[in-house]
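These figures come from a predicted structure and were not determined experimentally. Letters A, B, ... are given to chains in the order of the sequence lines, protein chains preceding strands, and every chain is numbered from 1.
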There are 2 protein chains.
Amino acid sequence: MSDDPTHLAEQVSAVLRHLVFLLRRTTAGQPITSQQYSVLGSLEHGPRRMTELAEEHAVQLPTMTVQINRLEDAGLVARGSDPADARVRTVELTTEGRDRLLAVRRARLARLTGELDALTPEERATLAAALPVLAKLGRS
Amino acid sequence: MSDDPTHLAEQVSAVLRHLVFLLRRTTAGQPITSQQYSVLGSLEHGPRRMTELAEEHAVQLPTMTVQINRLEDAGLVARGSDPADARVRTVELTTEGRDRLLAVRRARLARLTGELDALTPEERATLAAALPVLAKLGRS
DNA sequence: ACAACTAACTTAGCCTGACTAATATTCCGG
DNA sequence: CCGGAATATTAGTCAGGCTAAGTTAGTTGT
């Protein structure tokens with residue numbers, strides 16, 4: 001295994017393609033989409049405003065509006081207003097939304113945990129060591 | 001760093017979400033989409049049939065039909081017929097398609113290679129060691 | 001030999017999720 | 001108090017995925 005960035009780039013590229021494919025499959029058939037799950041996660045610690053959510057998910061405001069509309073229709077979030085500024089709409093979890101969030105989180109983690117359990121302790125250690133490096137990619 | 005699959009699952013989940021986001025951004029603004037690039041790559045070593053392409057990309061046939069239609073409209077691939085079986089349509093790269101494939105490949109690898117260059121040799125080694133493990137995930 | 005089945009594609013219609021442009025509403029500074 | 005900035009929403013477009021239905025071409029069984 002030579003320290004050749006170009007060769008490594010090809011391998012990383014291939015593995016990431018595989019993982020993206022995986023993530024999509026994992027999502028399929030679940031009660032909410034992965035985007036919706038992410039948004040619910042952002043609301044876990046209290047109400048947020050639309051602009052915050054859009055920025056946090058690196059999405060334009062209209063896209064977030066549509067997402068929140070769907071979540072609101074599904075009864076998982078509720079819109080409110082900021083008493084200090086009538087322009088801002090706040091979004092918060094409903095009880096049902098919180099329940100759903102926790103249920104999906106449990107299911108997802110259980111699945112991934114199961115796959116990690118199938119690895120050897122050494123493999124898990126290797127993976128754990130590489131995570132900070134992977135996280136660094138793209139921050140340049 | 002304890003060997004706790006559940007905790008590791010949370011971290012892996014977070015890192016993957018970040019990387020997926022990255023991959024999408026990397027794609028934006030390029031002359032072809034990442035799906036189209038993948039399909040062109042499948043054609044690199046000769047003509048393929050529609051069903052093969054659909055299976056290889058884990059997509060339904062109609063979806064592949066639409067993709068190939070777009071690539072054909074763009075002049076990057078050409079449809080042909082199998083002389084042995086008139087039901088099958090073959091797809092192959094045009095000269096322009098091959099040029100585009102190579103150009104995009106160069107650009108993509110250059111970008112990722114650049115990011116990997118910014119890492120230390122130790123970080124690259126850590127990453128290289130973890131790739132086989134990541135590739136194993138989801139094969140269960 | 002020919003009817004029935006299977007295989008390979010395409011077409012049509014629908015959904016999610018992203019974008020930009022245009023609009024309404026509200027806030028704030030001079 | 002008026003003009004510009006900020007916050008959201010609506011409308012329209014596009015990519016990319018799906019299923020269902022239709023077409024055309026081989027294959028099989030009697």
Side-chain angles (χ1 to χ4, degrees), chain A residues 17 20-40 42-43 47-74 76-92 104, chain B residues 17 20-40 42-43 47-74 76-92 104:
Chain A
R17 236 177 294 136
V20 167
F21 169 72
L22 247 193
L23 279 189
R24 294 215 174 131
R25 298 222 86 191
T26 301
T27 294
Q30 299 220 302
I32 60 176
T33 67
S34 69
Q35 283 85 349
Q36 291 177 325
Y37 170 70
S38 296
V39 173
L40 290 185
S42 294
L43 300 176
R48 311 290 300 278
R49 50 172 63 193
M50 294 298 295
T51 39
E52 280 178 342
L53 292 174
E55 271 175 29
E56 187 170 326
H57 293 86
V59 129
Q60 298 302 310
L61 244 192
T63 300
M64 190 51 67
T65 294
V66 172
Q67 300 280 20
I68 297 299
N69 283 346
R70 280 201 268 259
L71 287 170
E72 195 177 24
D73 289 347
L76 302 181
V77 307
R79 273 187 169 91
S81 292
D82 182 339
D85 187 339
R87 290 172 305 178
V88 340
R89 311 301 314 273
T90 57
V91 183
E92 60 189 322
V104 172
Chain B
R17 237 178 292 137
V20 167
F21 170 72
L22 247 193
L23 279 189
R24 294 214 174 134
R25 300 218 85 192
T26 301
T27 294
Q30 299 219 301
I32 58 175
T33 68
S34 68
Q35 283 86 351
Q36 291 178 325
Y37 170 71
S38 295
V39 172
L40 290 185
S42 294
L43 300 176
R48 310 290 300 279
R49 48 172 63 193
M50 295 297 296
T51 39
E52 281 178 340
L53 292 174
E55 271 176 29
E56 186 170 326
H57 293 87
V59 128
Q60 298 302 309
L61 244 193
T63 300
M64 190 50 68
T65 293
V66 172
Q67 300 280 19
I68 296 299
N69 283 347
R70 281 200 268 259
L71 288 170
E72 195 178 23
D73 289 347
L76 302 181
V77 305
R79 275 189 169 89
S81 291
D82 183 339
D85 186 338
R87 290 173 303 179
V88 340
R89 310 302 316 271
T90 58
V91 184
E92 60 188 322
V104 172

Once salt bridge (charged side-chain N to carboxylate O under 4.0 Å, His left out) is applied, do any residues pair with A:Arg48, and if so which ones, sequence neighbours excluded? A:Glu52, A:Glu56
Counting only side-chain nitrogens and oxygens, does A:Thr65 get under 4.0 Å of the OP1 or OP2 atom of D:dT9? yes
Contacts of A:Asp82 that satisfy side-chain contact (heavy atoms from CB on, under 4.5 Å) - sequence neighbours left out: A:Arg49, A:Ala84, A:Asp85, A:Val88, A:Thr90
What residues in residues 49-56 of chain A put a non-hydrogen atom under 4.0 Å from any atom of DNA chain D? A:Arg49, A:Met50, A:Thr51
Within this structure, what is the CZ-to-P distance between A:Arg48 and D:dT7, rounded to whole angstrom? 14 Å
Separation of D:dT24 atom C1' from B:Arg79 atom CZ, nearest Å, is 15 Å
Reckon A:Gln67 has a side-chain N or O less than 4.0 Å from the OP1 or OP2 of C:dT16? no
Looking at D:dG17, C:dA18, D:dT9, which one has an atom nearest to any side-chain atom of B:Val59? D:dG17
How many whole angstroms separate atom CG of A:Asp73 from atom P of C:dG17? 13 Å
So, is A:Arg70 close to the C:dC15 phosphate, meaning a side-chain N or O under 4.0 Å from OP1 or OP2? no
For A:Glu92 and A:Leu43 the tightest heavy-atom approach is C-CD1, 4.4 Å
Of all heavy-atom pairs linking A:Leu61 and A:Met50, the shortest is CD2-CB, 3.7 Å
Between A:Tyr37 and A:Val104 the two heavy atoms that sit nearest each other are CD1-CG1, 3.5 Å
Measure from the side-chain heavy atoms of B:Gln35 and tell me the nearest of C:dT11, C:dG17, D:dG16. D:dG16
Can you check the B:Arg89 CZ to D:dT23 P distance for me, whole Å? 17 Å
Looking only at atom types and distance, does a side-chain atom of A:Ser38 sit under 3.5 Å from a main-chain N or O of A:Ser34, one as donor and one as acceptor? yes
Do any N or O atoms of the protein come closer than 3.5 Å to N or O atoms of nucleotides 22-30 of chain C, and which pairs are they?
{"from": "C:dC27", "atom 1": "OP1", "to": "A:Ala86", "atom 2": "N", "distance (Å)": "2.7"}

Tell me whether the OP1 or OP2 atom of D:dG17 has a side-chain N or O from B:Gln60 closer than 4.0 Å. no
Looking only at side-chain N and O atoms, does A:Thr63 come under 4.0 Å of OP1 or OP2 in C:dC19? yes
A:Asn69 CG to C:dC15 P, in whole Å, measures 16 Å
Using the test salt bridge (charged side-chain N to carboxylate O under 4.0 Å, His left out), find all partners of A:Glu72 that sit at least two apart in sequence or belong to another chain. A:Arg79
When the distance from CE of B:Met64 to P of D:dG17 is rounded to whole Å, what number comes out? 8 Å
With salt bridge (Lys or Arg N to Asp or Glu O under 4.0 Å) as the rule and sequence neighbours excluded, what pairs involving residues 58-70 of chain B come up? none
Below 4.5 Å, heavy atoms only, C-beta onward: do A:Arg89 and A:Ile68 meet side chain to side chain? no
If I take atom CD1 in residue B:Ile68 and atom C1' in nucleotide D:dG17, what distance separates them, rounded to the nearest angstrom? 15 Å
Rounded interatomic separation in angstrom, taking CG from B:Leu61 and P from C:dT11: 13 Å
Within the pair A:Thr33 and C:dT16, is there a side-chain N or O less than 4.0 Å away from OP1 or OP2? no
Could you check if a side-chain atom of B:Thr63 sits within less than 4.5 angstrom of a side-chain atom of B:Val66, using non-hydrogen atoms only? no
